[in-house]
There are 2 protein chains.
Amino acid sequence: MATNAKVYIVDDDDDMRNSIQWLLESANLPVCAFESAEQFLASYNENKPGCLLLDVRMPGMGGLRLLEYLQSIHRHLPVIMFTGYGDVDTAVRTLKAGAFDFLEKTANHQLILERVRLALAEGETLHRRELDRTRCKQLLTKLSPREHEVMLRLIQGQANKLIAIELGLSERTVEKHRKNIMEKTNVGSIAELTRLFYAHDSEVV
Amino acid sequence: MATNAKVYIVDDDDDMRNSIQWLLESANLPVCAFESAEQFLASYNENKPGCLLLDVRMPGMGGLRLLEYLQSIHRHLPVIMFTGYGDVDTAVRTLKAGAFDFLEKTANHQLILERVRLALAEGETLHRRELDRTRCKQLLTKLSPREHEVMLRLIQGQANKLIAIELGLSERTVEKHRKNIMEKTNVGSIAELTRLFYAHDSEVV
DNA sequence: AAGTCAATGGGTAGTTCTACCCATATCCAG
DNA sequence: CTGGATATGGGTAGAACTACCCATTGACTT
């Protein structure tokens, strides 16, 4: 059973776009098609899971530039670069730029469907990770500036007394901040707080 | 100034191998050449930084299979797949298999050198990360089985009392284990211990 | 003007952790 | 067989943390 993950199609060729859209919808995949990179960007919501089937050669913003732009923003939308004339150089540049896959339009339907399903699954995985990450970030942004300062020292393992000295505060004040931090971030120990903080950039097994 | 990072070349074609070796050595890069994947594997030391310039088509174990094998072991040796007849399908499969780059042998010397230098730099970065990771692992493997068990609960933020109950021990014994753990891993707090443990799979910024 | 929040500081009691001291039993290697 | 590591348990004292209570100041909002 699929989630609400969508397949976005960006291709300026009406026939090709409609043909692919038909193919994917026949396989019960939710599709959203655009005829230019600009139109896609205007309506794309990065907080929904999905994958992107992207034509390389288009008037205006080309596929490679859109790919690079998307990668510079985030990397939780797997991109399948879709091309009519596959040359090695484009394929290499595309994949090194972070594309999930590189497909030729002449590929048979079975293969295309298979690759799209893989990209969709990857998109859902990345989306879940992103949700976790933003959840952590939101917890930490609830802290006031002072609390954030104290938090950074707590996850280094500094004792209240040391923090008080270094920040020129009384121990009582640090204790108060510490309590607020642990309430706001909803953790029961410094170990949990440490994991919460470092979960930004890591994927724990 | 380069470190001791080496460029490994694996190619069954003598002329090509020597030509590339000459090119790289002219640029003052340390080179180690092999005429088969098997010979390379026999003498490759995975604990040294470097990169691999790998021919696709070879008798015996082919380039793609060697790449996949190496990726299954670790991923701190960047591989540049080097091919005479670049077709899109091979390029895509190679890069999706985790290759760092895909180069055609017809490329000019300047380009080859540039790509090799990039791979070498990447190899050094990956090597440094690997050193950190193994350092953490070594610290943690110094723990006895019982200590490891206690450690896992400590980094979850469990209190000595709870650990004692769950493991059917006295608090005194848990305290003793805790002390030994922190001495062996050379940390001054549970927060540090937590970071040490989760540094296995993460790259902290 | 009143209310809320952040930041500051204090007291007191109870829990938890750390640092010392002590001991016993097992197992493995020199 | 003796020493070392592992695992177990106890006592005691002090440091650190937690959970309550109290208060003032300043800034921003309603």
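Nothing here was measured: the structure is a model prediction, and the numbers come from that model. In what follows, every chain begins at residue 1, and chains take the letters A, B, ... in the order their sequences are listed.
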Rounded distance [0.5 Å steps], SG in A:Cys51 versus NE2 in A:His127: 13.5 Å
Sugar-phosphate only, base, or nothing, as touched by B:Glu175 at under 4.0 Å among non-hydrogen atoms: base
All side chain to side chain donor-acceptor pair (under 3.5 Å) counterparts of A:Lys105, not counting sequence neighbours: A:Asp11, A:Asp55
Dump the pairs, protein N or O against N or O of nucleotides 7-9 of chain D, anything under 3.5 Å, distances to one decimal.
{"residue": "D:dA7", "atom": "OP1", "partner": "B:Arg146", "partner atom": "N", "Å": "3.3"}
{"residue": "D:dA7", "atom": "OP2", "partner": "B:Ser144", "partner atom": "OG", "Å": "2.1"}
{"residue": "D:dT8", "atom": "OP1", "partner": "B:Arg146", "partner atom": "NE", "Å": "2.9"}
{"residue": "D:dT8", "atom": "OP1", "partner": "B:Arg146", "partner atom": "NH2", "Å": "2.8"}
{"residue": "D:dT8", "atom": "OP2", "partner": "B:Arg146", "partner atom": "NE", "Å": "3.3"}
{"residue": "D:dT8", "atom": "OP2", "partner": "B:His177", "partner atom": "NE2", "Å": "2.7"}
{"residue": "D:dG9", "atom": "OP2", "partner": "B:Ser170", "partner atom": "N", "Å": "3.0"}
{"residue": "D:dG9", "atom": "OP2", "partner": "B:Thr173", "partner atom": "OG1", "Å": "3.0"}

Classify the nucleic acid contact of A:Lys184 as base, sugar-phosphate or nothing, counting any heavy atom under 4.0 Å across all strands shown. sugar-phosphate
Report the end-to-end axis angle of the helix from C:dA1-D:dT30 to C:dG30-D:dC1; each axis comes from five terminal pairs, and the value is rounded to 10°. 40°
Hey, could you give me the CG/CZ distance between A:Asn160 and A:Arg153, rounded to the nearest 0.5 Å? 12.5 Å
Could you write out each protein N or O paired with an N or O of nucleotides 24-30 of chain D at a distance under 3.5 Å?
none

Please, which pairs that meet salt bridge (charged side-chain N to carboxylate O under 4.0 Å, His left out) have at least one residue in residues 14-27 of chain B, sequence neighbours excluded? B:Asp14-B:Arg17
Is there a side-chain contact between A:Asn180 and A:Leu143, using heavy atoms and a 4.5 Å cut-off? no
Once you round it to whole Å, what is the distance between P of D:dA19 and CD of A:Glu171? 17 Å
At 4.0 Å (heavy atoms only), tell me whether B:Lys161 reaches a base, stays on the sugar-phosphate, or touches nothing. sugar-phosphate
Expected output: side-chain A:His76 to main-chain A:Glu46 donor-acceptor under 3.5 Å: yes
Walking along DNA chain C from 5' to 3', note the first and the last nucleotide with an atom under 4.0 Å from a heavy atom of chain B, and give both. C:dT16 to C:dT18
Are more than 12 heavy atoms, taken from residues, nucleotides or ligands other than A:Asn186, located less than 6.0 Å from that residue's CG atom? no
